[in-house]
Amino acid sequence: MKSSNFRIVPLATEIALTARRTAVSGAPDHVIVVANSPNGFPCRHCLRWARPGERMILFPYAAIPAGHPYWESGPIFVHAEPCERYGATDEYPADFRKGRVMRAYNINYDMIDAEVVNGSAPEAIIEKLLQKPETAFVDARSVTHGCYTFRIQRL
Ligand SMILES: [Zn+2]
């Protein structure tokens with residue numbers, strides 16, 4: 001594995017813990033669902049597909065904060081049970097090599113470019129987007145559902 005010039009940023013553990021507490025409290029926008037397919041329930045904390053039968057929390061997350069034109073809040077999953085935050089931050093997560101779009105943003109959270117991972121290596125697209133001096137970070141999202149998956153920053 002060649003060393004990368006980027007760092008994978010999974011969902012913060014604090015956000016996953018808050019989502020678990022909020023779901024237990026019965027909040028209507030934090031729903032517990034049971035994964036019923038092998039590639040439909042990506043956990044943003046451990047960056048794995050949930051196995052069928054695993055309980056997941058579905059809740060809204062603002063990957064792009066309010067107060068910006070590209071502000072965006074959307075549904076994400078985390079495991080309902082404690083899981084280990086993705087730790088191989090210098091490696092692109094193996095479960096998400098397909099079906100993602102890479103969106104580049106500048107420091108003001110404006111989207112400046114986007115490219116679908118379509119058979120090519122996601123690392124090559126990430127490196128190309130990060131070569132633009134104005135790129136502040138890249139977000140990986142579902143190409144079909146649009147949901148935020150994880151962030152990528154320069155090393
Ligand atoms: Zn997980």
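Fair warning: this is a prediction, and the values are worked out from it, not measured in the lab. In listed order, ligands and their atoms are each counted from 1.
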Give the C-alpha distance, both sets of side-chain angles, the deciding distance and a yes or no for side-chain hydrogen bond (donor to acceptor under 3.5 Å, both in side chains) between R44 and T149. CA-CA 6 Å; R44 272 59 164 199; T149 313; 4.9 Å; no
Does a sphere of radius 6.0 Å around CD in Q153 hold more than 12 heavy atoms from other residues, nucleotides or ligands, not counting ones at 6.0 Å or beyond? yes
Contact list for residues 18-35, test salt bridge (Lys or Arg N to Asp or Glu O under 4.0 Å), sequence neighbours left out: none
For A12, all residues meeting side-chain contact (heavy atoms from CB on, under 4.5 Å), sequence neighbours excluded: I15
Check the Zn ion (ligand 1) and write out every protein N, O or S atom at under 2.8 Å, as residue and atom. C43 SG, C46 SG, H79 ND1, C83 SG
Basic-acidic side-chain contact under 4.0 Å: E127, R154: no
With sequence neighbours excluded, give me every side chain to side chain donor-acceptor pair (under 3.5 Å) pair touching residues 59-80. E54-H79, E72-R103, E72-R141
